[in-house]
2 protein chains.
Amino acid sequence: MKDTILDERTKRVLCAVVESYIEKPEPVGSRYIMKKYGFDVCSATIRNIMSDLEDAGFLFQPHTSAGRVPTDRAYRFYVDYIFQKNLISQTSEIKKFIENLTKKLKRLRNNMDSLFLEATQSLSQATKYLGLALLPATEKTALHRVDFIKFKDDLVIAVIVNDKGIVKSKIIRAYHEITQKELNSLADFVNKNYQGKTIDEIREDLLIRIKQEKLFWDKLISKILKMCQEALYFSKEDVYVSGLYNIMQLPDFSDIEKLKEVAKTIQDRHLLIKLFENISEDEEVKVIIGQENPIKEFRSFSIIASPYKEKDRSLGVIALVGPKRMDYQKAIILVNAFAKSLTRTLSD
Amino acid sequence: MKDTILDERTKRVLCAVVESYIEKPEPVGSRYIMKKYGFDVCSATIRNIMSDLEDAGFLFQPHTSAGRVPTDRAYRFYVDYIFQKNLISQTSEIKKFIENLTKKLKRLRNNMDSLFLEATQSLSQATKYLGLALLPATEKTALHRVDFIKFKDDLVIAVIVNDKGIVKSKIIRAYHEITQKELNSLADFVNKNYQGKTIDEIREDLLIRIKQEKLFWDKLISKILKMCQEALYFSKEDVYVSGLYNIMQLPDFSDIEKLKEVAKTIQDRHLLIKLFENISEDEEVKVIIGQENPIKEFRSFSIIASPYKEKDRSLGVIALVGPKRMDYQKAIILVNAFAKSLTRTLSD
DNA sequence: ATTAGCACTTGAATATGAGGAGTGCTAAAG
DNA sequence: CTTTAGCACTCCTCATATTCAAGTGCTAAT
């Protein structure tokens, strides 16, 4: 990689190649660039520039006599460039879009399940890429109420409602016969002491109590506290995925192998959650292009992700998975809009 | 379609063609059939038979000089034939398989979610086709307990636990301020009166009560009963789908269009539920081949379905979707085994 | 530094032909 | 009347050759 300080014209050529390839996934020739993007130099000049860009690692030639195709590096440059030139700032049109979207989502506010289904579906619909959403990790949300319901034998169903109205349930084993009455007072205890606290905080506090009880007091109470502890443990976060069919329509996935890759990765929720772990909560929009992705399964795709919040507390992430030659401008604006809209809906 | 009374030899040839095509999706020739399936006549004879079978609508020739391919009608004949010849009866091997499977599933009995996920996944794994399961319709299961939890304003979260330990929740609007205490006594009322009854029964009974109250008594009570009524209404049943990736590996889906069809149909839960509606609850195994399917979206696939029960009460259906040239023998045995295993697991 | 001109490369599309699998028909055999 | 052997015929597949156009890289002139 030589020096990478590109002059303005070179940048324009690079962007033109990227945009052309985004529009139509075919190797881009110099003459085409010149004419389509109105350059006032002849094709040979463009050719020289493109040759330089290839040396610098931005373009790639499938074979000697073909046009050129952008590399991951080119996409990265392109994305940075449009950010820098403010080509993705909020227009009034976007504001209106967010407005409408928010209205639509607010109607579903009381049912998180439908809300996120709708959000990922319409994000996918709008972009034709794959829409993802990570639901608020239960551990991070505040407890609204807990109930313990006696089931069979020593089995207890713990029902946890958080401040978003999301209900989670878990079957736990008490390891000793326990009456519904006892369970009720146990629930009362938790509700009185912990309502409004996040599950994470509660579990931490419970841990301390368990230690104390173990040292000084009743083994039974310790056992019960342990049960609470277990009831509040959720290993998996919920991920919504929409638009597999949409993504199949893209020419990029006319090759079945790529499709298999996608199917495999979205089948494995683990992987998806791992993906979200790599997305920082403070950035507004994060763009991960191909090889940049720490998770190797996603290295043939690009990902646009944006966190949504409730007031200032980050809750989850909404994201888009598409081919590396995705329409970044549109995608970034839309993901951003959806995140903003979710934030508004949830902050109310 | 001429007369369809086939002599035994003709049937054997037909089955041979079907089995050959199932094994390898290539047009089947007369000489191949003769040698591979040990017929003691020469290829010309087989040729004549195959020609007859084509006239009768069982076989189809892609072009003049090619071998022959089974039609839907041939698959139907084949399936009926193997049923009739008892080629899918329970061997001791299968009994053992069910035994093991049941053990595996019983460990997950307390968590329906994992149970059905595991069931569809391993069904798909074993067959390489798409595994489906329709979860017990909540309406048909018995109520274990209901809880009403005050959320915000006039919003109430209804948490319904059924006798399978499945927890469903729903946010409903009370349309008037209501305290948690009132909600508690309401829940008590429902629990005392309705525990063990199926949701359907409860709703019916509530309906009668509402009418009575409306005519003679308190409007408020009527309102509350209506709320219960609403809380117990679940529009959609849960469907589990596993193995999209597996199905992609089949040569039948190397054509991307077929794949799109599958993706589209499984994306639309509605359609899946509609599929299950066509499966009778008393048959042991139902095989639907291609065009036979009343739902047009499934007409390029075959479906093997079997209901599972709790004791004698039918709960849901487990099914397999695969290409028309699927290995019916294996598939039928396995679906049957899975249904039996689920029945045992749930009947305990 | 840019441009015009041109030879050269390469893949995609098209045509050509050999090879082979499989059929259908006919006439003879059982 | 059924079965079989023999053979001409059909049509697909695969490999090879040919053409075509797009696009490059280089050189020499501007």
Side-chain angles (χ1 to χ4, degrees), chain A residues 2-3 5-14 16-18 20-21 23-71 74 251 254-255, chain B residues 2-3 5-14 16-18 20-21 23-71 74 251 254-255:
Chain A
K2 285 188 206 172
D3 96 69
I5 297 140
L6 312 172
D7 62 49
E8 201 51 40
R9 193 178 62 183
T10 311
K11 289 181 185 173
R12 273 183 57 219
V13 171
L14 181 50
V17 174
V18 172
S20 164
Y21 193 73
E23 199 185 327
K24 196 152 59 76
E26 276 164 20
V28 186
S30 54
R31 218 176 101 84
Y32 182 80
I33 287 294
M34 179 202 81
K35 287 177 80 173
K36 175 100 184 247
Y37 293 85
F39 283 91
D40 283 336
V41 290
C42 100
S43 68
T45 310
I46 304 278
R47 207 137 62 227
N48 290 331
I49 296 173
M50 284 169 80
S51 178
D52 293 346
L53 282 170
E54 182 166 14
D55 292 342
F58 289 104
L59 298 178
F60 159 80
Q61 227 174 349
H63 56 267
T64 338
S65 70
R68 276 157 173 118
V69 163
T71 61
S254 56
D255 172 27
Chain B
K2 284 190 208 172
D3 96 68
I5 297 140
L6 312 172
D7 64 48
E8 200 52 40
R9 192 178 63 181
T10 310
K11 288 181 186 174
R12 271 182 60 218
V13 171
L14 181 50
V17 174
V18 172
S20 164
Y21 194 72
E23 200 185 326
K24 196 149 60 76
E26 277 164 21
V28 187
S30 54
R31 217 176 104 83
Y32 183 80
I33 286 293
M34 179 203 82
K35 287 178 80 175
K36 174 101 184 246
Y37 293 85
F39 283 91
D40 282 336
V41 289
C42 101
S43 67
T45 310
I46 304 279
R47 208 140 58 229
N48 289 331
I49 296 173
M50 282 169 82
S51 178
D52 293 345
L53 282 170
E54 181 166 14
D55 291 342
F58 289 104
L59 298 179
F60 159 79
Q61 225 175 352
H63 56 266
T64 338
S65 70
R68 276 157 175 119
V69 163
T71 62
S254 58
D255 172 26

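For clarity, every value in this text was computed on a predicted model and none was experimentally measured. Each chain gets a letter, A, B and so on, in the order its sequence line appears, and its residues count up from 1.
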Between NZ of A:Lys36 and P of D:dG23 the distance, given in whole Å, is 13 Å

Length of the CE-P vector between A:Met50 and D:dG25, whole Å
9 Å

Side chain of A:Arg68 - closest among C:dT3, D:dG25, D:dA5
D:dG25

Side-chain contact test, heavy atoms from C-beta onward, threshold under 4.5 Å: evaluate it for B:Val28 versus B:Val18 and give yes or no.
no

How long is the line joining CG of A:Leu53 and C1' of D:dG25, in whole Å?
16 Å

Quick one: B:Arg9 CZ to D:dC1 P, roughly how many Å, whole number?
16 Å

Distance below 4.0 Å between A:Ser30 side-chain N/O and D:dT24 OP1 or OP2
yes

Over how many whole Å does the gap from A:Arg47 atom CZ to C:dA4 atom P extend?
11 Å

First locate atom NZ of A:Lys35, then atom CD1 of A:Ile33, and finally report the distance between them rounded to the nearest 0.5 Å.
13.0 Å

For DNA chain D, the residues among residues 59-67 of chain B that have a non-hydrogen atom under 4.0 Å from it:
B:His63, B:Thr64, B:Ser65

Can you tell me how far the OG1 atom of B:Thr10 sits from the CG atom of B:Asp7, to the nearest 0.5 Å?
3.5 Å

Atom CD1 of B:Ile33 and atom P of C:dA21: how far apart are they, to the nearest Å?
16 Å

Please answer whether the main-chain N or O of B:Phe60 pairs with a side-chain N or O of B:Thr71 as donor and acceptor at a distance below 3.5 Å.
no

B:Arg31 CZ to C:dT23 C1', in whole Å, measures 14 Å

Is there a side-chain hydrogen bond (donor to acceptor under 3.5 Å, both in side chains) between B:Arg47 and B:Ser51? Walk through the geometry before answering.
CA-CA 6 Å; B:Arg47 208 140 58 229; B:Ser51 178; over 6 Å; no

Could you state the OH-P distance from B:Tyr32 to C:dA21, rounded to the nearest angstrom?
13 Å

Output the distance between atom CZ (A:Arg9) and atom CD1 (A:Ile46), rounded to the nearest 0.5 Å.
7.0 Å

Upstream residue (5' side of DNA chain D) when A:Ala44 and A:Pro27 are each assigned their closest nucleotide
A:Pro27

Separation between CE (A:Met34) and CD1 (A:Ile49), nearest 0.5 Å, reads 12.5 Å

